[in-house]
Amino acid sequence: MLDIVVIRRDPDRVRCSLRRRGLDPSVVDEVLRMDSEYRSALASVEETKAEKNRLSGEIGKARDKAAAAAAARPTLDGLAERIARAEERARAFAPDEAGSPLRALLEQMPNLLDDSVPDGRGEEDNVVLRTWGTPPSFDFPPKPHWELGETLDVIDFQRARHLSGSRFSVLKGQGARLSRALVQFFLDRANARGYVEVAPPYLVTRSTMWSTGQLSKFADAMFRDADTDLYLIPTAEVPLTALHRDEILDVDTLPRKYVAYTACFRKEAGAAGKDTRGLVRQHQFDKVELVWLCEPDRSFEALEQLLGDASSLLQELELPHRIVAVCSNDVGFNGAKQYDVEVWLPSANTYREISSCSNCTDFQGRRAGIRFRTAKGKLQPVHTLNGSGLAIGRTLLAIVENFQHKDGTVSIPPALRPYTRFDALRRE
RNA sequence: GGAGAGGUGGCAGAGCGGUUGAAUGCGGCGGUCUUGAAAACCGCAGAACGCGAUGAGCGUUCCGGGAGUUCGAAUCUCCCCCUCUCCUCCA
């Protein structure tokens, strides 16, 4: 959630950010109008209450309290009525009142874009910053992972459909072991880089979900149990970021770096017909997620480190990939700045997202009430960052496709062999 | 699922319906002392929002959340939420 004070003081900055995201900047004027409505109502509430408090205090000090109360009665009744009226008016536009229209507008406003984010209308305008490795050239027609997976008997899409419907998969034998090896590999690397490993719940409450910004825009994208009102996490970003919700963190303990392996659950309702084959887009997938909580003036530097942590994994796995600066219209709702790491997929003959690293600045910290005390003693929301390190399914399919051989076997990247304990996928 | 206990400031922990925004302890900040540090001692310190110049200052609200009683509620009543303990069930 944006700081309403920023909207008030620097509306042009907010308008500009919205415009760059391809959104209508006129909400800013709506917000300003309601906000001034609210403040004038609030002023009259407070003024009237001050008067009432003063009278009450006098009654408390009077020797004959009953008599004083009786004497003040008519005045107090009048004040009470005025307070009730003004309060009603104030409440209608209060930014922190659940049902208020101002709140509704604020909730749907995305984070302010950082100036360094390139302009662009969509994915195609993302800027490639650097490319690592060379896409493999095959002297035979390379197969997509879903074919290789079935042939090797390590991925079973058909039985997954039978069990759970579309967009699910079953990993078997070496496939399941490869997946587990990747989890272990990623967690070990993150641990080595100072991330504290966390095994969080996969179900979280509505307020947890709200606190990290997932509920404003993506409510439809999540699985939820109606009885308990619990949500299945769409990413470990949610429990990791909200881990310190409503806490005041000692500044000496910042930055805090957390890593978690979890399953992730997404309805993918808006992606009908997209990526229907293979492991790319599933209702349930595994991911190792990296999250930082840090001081505001360090967060952009932290984003570079986070990106480095994510991309180094692909280097170790010898998977060709590139880093793109996500353009203004493509940066996520929570993010002020975002990099995507894209891995080469022979079946698509292009690069596909395997990690997304975002600096959410204070957007989530404010909602979630995660704060620290500045040197001057002021409380301030922390900045939060998150990035995949990495998506397990997409890494697995990238390995299968990039390291395939003519005979249908697949080599395991050397760095991973201590984890898999086998050096190739073969039909068993 | 059943029974009980409890939710107060960064933490711990008091609080007859009327200067209690809240004792006390720890922690924090500033100072005295010290070559420095520790200890000891003295002092300062809650949060959100609004007005104001992003200052001084002023005001309102806040003791889990919401309603109520009252001129006045942390303190009384009702509802909800959460946590803890015990029992039951269970990986």
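Per chain, numbering begins at 1; letters A, B, ... match sequence-line order. What's counted below: heavy atoms across the whole structure, side chains too, no hydrogens, waters or symmetry copies.
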Pairwise [atom1] distance for [N] and [M], with rounding to whole Å:
N     : M     : atom1 : result
B/A22 : B/U61 : P     : 15 Å
B/U83 : B/G15 : P     : 26 Å
B/C62 : B/U19 : P     : 15 Å
B/A12 : B/U69 : C1'   : 34 Å
B/C63 : B/G9  : P     : 10 Å
B/G13 : B/C26 : C1'   : 11 Å

Out of B/G10, B/U61, B/A48, which has the shortest distance to the side chain of A/Arg371? B/A48
What's the closest nucleotide to the A/Leu379 side chain, out of B/U54, B/U60, B/A48? B/A48
Does this structure show an ion pair linking A/Arg167 with A/Asp275, if we count only N-O contacts that are shorter than 4.0 Å? no
Provide, to the nearest angstrom, the distance between the CG atom belonging to A/Asp246 and the C1' atom belonging to B/C81. 14 Å
All N/O donor-acceptor pairs, side-chain side in residues 265-273 of chain A, below 3.5 Å, sequence neighbours left out:
unit_1	atom_1	unit_2	atom_2	d
A/Arg266	NE	A/Pro234	O	2.9
A/Arg266	NH2	A/Pro234	O	3.1
A/Glu268	OE1	A/Arg281	NH1	3.3

Relative to the ring of A/Phe223, is the ring of A/His283 parallel (under 30°), tilted (30 to 60°) or perpendicular (over 60°)? perpendicular
When all nucleic acid strands are considered with a 4.0 Å heavy-atom cut-off, which category describes A/Arg206: base, sugar-phosphate, or nothing? nothing
Looking at A/Ser17 and A/Arg13, would you say the former's side chain and the latter's main chain have a donor-acceptor pair under 3.5 Å? no
Test your reading of the model: is there a side-chain donor-acceptor pair from A/Thr262 to the backbone of A/Cys264, 3.5 Å cut-off? no
Set of salt bridge (charged side-chain N to carboxylate O under 4.0 Å, His left out) partners for A/Arg206, sequence neighbours left out: A/Asp229
Closest-nucleotide 5' rank along RNA chain B - winner of A/Ile4 and A/Arg9: A/Ile4
By nearest-nucleotide position on RNA chain B, the 5'-leaning member of A/Glu46 and A/Arg39 is A/Arg39
Establish, with yes or no, whether the OP1 or OP2 oxygen of B/G28 is under 4.0 angstrom from a side-chain nitrogen or oxygen of A/Arg373. no
Output row for RNA chain B, stems defined as at least 3 consecutive Watson-Crick or G-U pairs under 3.5 Å, is B:1-7 with B:81-87, B:10-12 with B:24-26, B:28-32 with B:40-44, B:46-51 with B:57-62, B:64-68 with B:76-80
Report the distance from atom CZ of A/Phe363 to atom CG of A/Asp3, rounding to the nearest 0.5 Å. 11.5 Å
